[in-house]
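Remember, predicted model here, so these are calculated numbers, not experimental data.
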Amino acid sequence: MNVVVNGESTGVVLGATLGVVVDGLGRGRRGFAAAVNEEVVPASCWDTTVLTDDDRVEILTAAQGG
Amino acid sequence: MNVVVNGESTGVVLGATLGVVVDGLGRGRRGFAAAVNEEVVPASCWDTTVLTDDDRVEILTAAQGG
Amino acid sequence: MNVVVNGESTGVVLGATLGVVVDGLGRGRRGFAAAVNEEVVPASCWDTTVLTDDDRVEILTAAQGG
Amino acid sequence: MNVVVNGESTGVVLGATLGVVVDGLGRGRRGFAAAVNEEVVPASCWDTTVLTDDDRVEILTAAQGG
Amino acid sequence: MGTGGATSLDALEAALRASGTAVATVALRRVDVDSRGSLLDVLTRVGVRLLPNTAGCFTAREAVLTAQLAREAFNTDWIKLEVIGDDVTLLPDPVELLDAAETLVDDGFAVLAYTNDDPVTARRLAQLGCAAVMPLGSPIGSGLGIRNPHNIALIVEQASVPVVLDAGIGTASDAALAMELGCDAVLVASAVTRAQDPARMAAAMRHAVEAGYHARHAGRIPRRWHAVRSTPQQGAPKLTTIDLGAP
Amino acid sequence: MGTGGATSLDALEAALRASGTAVATVALRRVDVDSRGSLLDVLTRVGVRLLPNTAGCFTAREAVLTAQLAREAFNTDWIKLEVIGDDVTLLPDPVELLDAAETLVDDGFAVLAYTNDDPVTARRLAQLGCAAVMPLGSPIGSGLGIRNPHNIALIVEQASVPVVLDAGIGTASDAALAMELGCDAVLVASAVTRAQDPARMAAAMRHAVEAGYHARHAGRIPRRWHAVRSTPQQGAPKLTTIDLGAP
Amino acid sequence: MGTGGATSLDALEAALRASGTAVATVALRRVDVDSRGSLLDVLTRVGVRLLPNTAGCFTAREAVLTAQLAREAFNTDWIKLEVIGDDVTLLPDPVELLDAAETLVDDGFAVLAYTNDDPVTARRLAQLGCAAVMPLGSPIGSGLGIRNPHNIALIVEQASVPVVLDAGIGTASDAALAMELGCDAVLVASAVTRAQDPARMAAAMRHAVEAGYHARHAGRIPRRWHAVRSTPQQGAPKLTTIDLGAP
Amino acid sequence: MGTGGATSLDALEAALRASGTAVATVALRRVDVDSRGSLLDVLTRVGVRLLPNTAGCFTAREAVLTAQLAREAFNTDWIKLEVIGDDVTLLPDPVELLDAAETLVDDGFAVLAYTNDDPVTARRLAQLGCAAVMPLGSPIGSGLGIRNPHNIALIVEQASVPVVLDAGIGTASDAALAMELGCDAVLVASAVTRAQDPARMAAAMRHAVEAGYHARHAGRIPRRWHAVRSTPQQGAPKLTTIDLGAP
């Protein structure tokens, strides 16, 4: 199954949760936020949010900005 | 019957038209526009627009303005 | 004998020195400067500077100024 | 004999006048002014002003300027 | 030219003639049965085109209705759209303005929109189909001139419709500056009508607009930090025996 | 108008005609035997009065000698007196300037003194008998306009002789402002001669001077912090059922 | 202080400390798996409060979503709301901005709204319930300072919420002026982070804000056309035999 | 700091302390036998160095005599040399000023010369051996700030001695700007002593001078016509299904 993570197509196992994808980045979870298909998913729901094919996932964190 | 012409309560005969009220100002019709109850009434309809009690009539013309 | 001290005509005894006039103001000598007839007289010379009739004496000190 | 005309050393015959030098430029005399050794010489005196060796002659006219 | 502020119709007529303007704004007000003279007669006599305004409107709804009444009264599709936000600054309210502009454009009006000097609002007005955008230099009647030339220049830079500087002009050099910034025209009212000698100020404005227009197109010299000679030193005489040179 | 900076005599002639100027400055330089065309012929043809300058002089002595030579060459007592302090700013040197002015006034010249914008120096020049004072707006050729309008206004306020703004003008609105500040005339050179289209910029300057002159005498409206309506609210229609009023 | 533009996290940390700021803005961007160091660690170490922004959003919808994500990521209801109109001026789009502000206020955010310098838009933002309005001095990163102090003063005059000057600050005197105009705070990013010595510029800004704040409350002297002596003439000595007096 | 204009010695003392100044100017006036308190005692207590001035002098001769008297009275070679041209503008007279400066330098004084903002006069003063030049921002007590920053920058550019901005400062941002232009110090009198809260304004000035000094040396960002992002778009999330892009 493929999902689009931060703009890049990424293969994930069927039934993968958002939590798995976030953890896969290897940067922990603190200071992160995520959206699936342009809807916010609170961190408390990441492990219960099962992704489906072609989901658009945005995983975001702090960057310098004015 | 009373209508409000340019903010002042004015007695008119029952069945009076907007045309009658405009003419009553004694300044002709050129360069005038009129609204009844906040709706524009084109000059071509003035003589067929019959007023009813408490109608709000605005009769306007050019004034200096920036 | 009369001398003009800071613009005002003032009677002094014949042979009065500049030092006597300065002391007469009752404010000590520190921070004061004096001129006689538009010439500076250093403090060290005040007691030996004998005034003559109509001398113009200026006795000056600090005032607020920008 | 040599004179310096407008900064350039120039040979002239002995007894040459300022008038001769001006005419030598071939531009007429109208609108010209001349100085010899940093002194103004009026045009009326050019033909009677005899130059001597090493005289500094400036011959000037209108140029664009603000 | 705006017609507001004149002390008499005669003074207004003289100023309009002196200004050489092609267009005059008028407001729409209740018929005053006691008034003498007719503004419309004056404007007809001078031969200017009427540009009715919606002065005094605070909402899109009022402004749209006023525009429609003006169309009836003056038989013109032109409208100077003013929708202001408050009574103190008389500054335009961008939300109501954009709302009214959209309605009026759809209703077939040629909308000349009086707006603040925000380039984004000006661009939105142009995109909605306004016939012209009319950014302010400073608040109406303030005479403060063009407070933010940078914004006016940005508006011009991205304009797809004519830009007319409106409001704030106090004197002739303000009008010249507006044209130099690239505006296509200038609207002045109080600056002329409330000057001590309105006809003379109107003439001044006419010259100022010409001046700024030509200066804009003549290609001005760049601004430089240091001086640049206008008289060349080449050919300068040597008039001192000691060469002093420059420090 | 100043004649410096023009790329050709033809361009200069066109600009002079377009400017409507009555006076043109010229410098005095060594005769160039190779030059074609005659500046004097152009100026005669256009019919302007010559105002020779002392451009490039650093000392009173040089300036006095230059003025005397100019009198011989052009048969005029008029002199635009320039004595500059250095080659970078080309700013006038007030000490040498006052010195030269005194000598030339005594020698019968009508001295038009190019000076900085210091009101005290300007007053001294007038007291010495100068025919006019010519304060700068900003350094020669910089195009920075009038850097210190306050000083120009102070000079005008206490002037006993005509005040001509000289140097720094970059575009038409600068010239209009000079006149609005009360100057009696404006001298422009580079702003016209070095513009991309000199004749057009000259026309712009002519209009700008007219504009500023009339604006000065028309009595401008005061500057106000808040807005002042140009369209009265009196007689405004009621076009909403709910009275919204102003916020 | 804004955190954008710093060349390294170390430089940023030094500047934040030198600035004495209590708040730092951060953007929300895709996780960069290669990046070293953590911005959040720096900000935590310095002890500033986070103010996430919605930089780069062109629509209300994007901005709202970004704000909600920021709330999740940083556990704060504060949001600096930016909705810009184009890529060239980066100026706010008032319509989208007001739309987003309304949604976010309803959603419980403390909205600090980055806006243009239009007093009407600022008042509308305050009326919608924004926690603060943040008018710009000039476009982001332009360093042009406060282009229209009059508008900033009008915004302050009618403000019911804190006013924070945002964008355009180039140097310390700009920040001091903002405070003198009555702003409650100043937000600077590029002016500090892109200065040659960011920590030093940050210190300069800290002093400037103090300076402007105290000056605002100390009651400045009025501006006067003519001079006013600071040294009284009373008691001045007579040091000339001839009374010269003043001219 | 200048000491003129304070309403009481107590207020002056508080302001001096708050300003952190190292130097205070004093004038020389006839002994007032009725005065209470001693200015000198205050200045000694605060620990500032005395800088006597020649305020009120119209001629070189008066100024020289005043300086010599000040040296006797205060036992210092320092003198702030003021020679003014008239009573209305209180502007320096460059001719008398240069004359007095030359005499005083020869007489061993450390001359700090109060001058107009003319770069040529400032350079002449430095060449004569003045210890510092003190150009004005605007007329004494006017509070008009720095009318011609360009001239101040030119003076600094060519200065061989310290430059102290004197006169015209109205508020803190003026002082910050002076330092940013490269001045070495700022002298303020009325702006502090005549503020409603002199001690607070003095503190504001102290911060402003620090701010401007550091900003000058921190290397400010350049001014740009268009915006420059402080938040990079790189890594921006895609939060819309339709790509709106920028207009």
| note | Pair count under 4.5 Å, heavy atoms only, with chain F: among E/Ala236, E/Gly168, E/Ala178, highest is E/Ala236

| note | Cut-off 4.5 Å, heavy atoms of chain E, and the answer for F/Ile169 is backbone

| Roughly how far, to the nearest 0.5 Å, is OG of E/Ser173 from CD1 of F/Ile146? | 8.5 Å

| request: Select one option (side chain, backbone, both, neither) describing which atoms of E/Pro222 are under 4.5 Å from chain F's heavy atoms. | output: backbone

| Under a 4.5 Å heavy-atom cutoff, which of F/Ala203, F/Ala175, F/Gly170 has the most pairs with chain E? | F/Gly170

| query | Testing E/Arg216, E/Arg223, E/Glu180 for side chain to side chain donor-acceptor pair (under 3.5 Å) with F/Thr171, which one passes? | reply | E/Glu180

| task | Go through E/Ala227, E/Ala176, E/Cys57 and name the one with the most non-hydrogen pairs under 4.5 angstrom from chain F. | result | E/Ala227

| message | For chain E, which candidate among F/Glu210, F/His226, F/Arg200, F/Met201 shows the most heavy-atom pairs at distances under 4.5 Å? | response | F/Arg200

| task | Examine whether an atom of E/Leu136 lies under 4.5 Å from a heavy atom of chain F, and if so say whether it belongs to the side chain, the backbone or both; otherwise answer neither. | result | neither

| said: With heavy-atom distances below 4.5 Å as the criterion, would you say the side chains of E/Leu90 and F/Arg229 are in contact? | reply: yes

| request: Please look at F/Thr25 and chain E and tell me whether the side chain, the backbone, both or neither of the residue comes under 4.5 angstrom of a heavy atom of that chain. | output: neither

| request: Determine which residues belonging to residues 12-20 of chain F lie within contact range of chain E, meaning some heavy atom pair is under 4.5 Å apart, and list them by number or answer 'none'. | output: none

| said: Please find the pair of heavy atoms, one from F/Ala204 and one from E/Ala215, that lie closest to each other, and give the distance. | reply: CB-N, 3.5 Å

| remark: If you tally heavy-atom pairs under 4.5 Å between each of E/Pro139, E/Gly4, E/Ser142 and chain F, the highest tally belongs to E/Ser142

| What heavy-atom pair brings F/Arg30 and E/Pro237 nearest, and what distance separates the two atoms? | NE-CA, 3.9 Å

| query | Residue by residue, which of residues 185-192 of chain F have a heavy atom closer than 4.5 Å to a heavy atom belonging to chain E? | reply | F/Ala189, F/Ser190, F/Ala191

| task | For residues E/Ala195 and F/Ala218, report the shortest heavy-atom separation together with the two atoms involved. | result | CB-O, 3.8 Å

| Out of E/Gly212, E/Ala211, E/Gly141, which one racks up the most heavy-atom pairs below 4.5 Å with chain F? | E/Ala211

| Non-hydrogen atoms of chain F under 4.5 Å away: do they reach the side chain of E/Arg61, the backbone, both or neither? | side chain

| Which of the residues F/Thr193, F/Thr89, F/Val88 is involved in the greatest number of heavy-atom pairs with chain E at under 4.5 angstrom? | F/Val88

| task | Name the option with the most non-hydrogen atom pairs under 4.5 Å to chain F; the candidates are E/Gly2, E/Gly143, E/Ala167. | result | E/Gly143

| request: Report the distance from atom CG of E/Leu144 to atom CZ of F/Arg224, rounding to the nearest 0.5 Å. | output: 10.5 Å

| query | With a 4.5 angstrom heavy-atom cut-off, which part of E/Leu28 approaches chain F: side chain, backbone, both or neither? | reply | backbone

| Is it the side chain or the backbone of E/Ser138 that comes within 4.5 Å of chain F heavy atoms, both, or neither? | neither

| said: Between F/Gln196 (side chain only) and E/Arg220 (backbone N and O only), is there a donor and an acceptor less than 3.5 Å apart? | reply: no

| task | Please check if atom CZ in E/Phe109 has more than 12 non-hydrogen atoms from other residues, nucleotides or ligands closer than 6.0 Å. | result | yes

| query | How are the rings of F/His207 and E/His214 set relative to one another: parallel (under 30°), tilted (30 to 60°) or perpendicular (over 60°)? | reply | parallel

| query | Of the listed residues (F/Met205, F/Met179, F/Gln234), which shares the most heavy-atom pairs with chain E below a 4.5 Å separation? | reply | F/Gln234

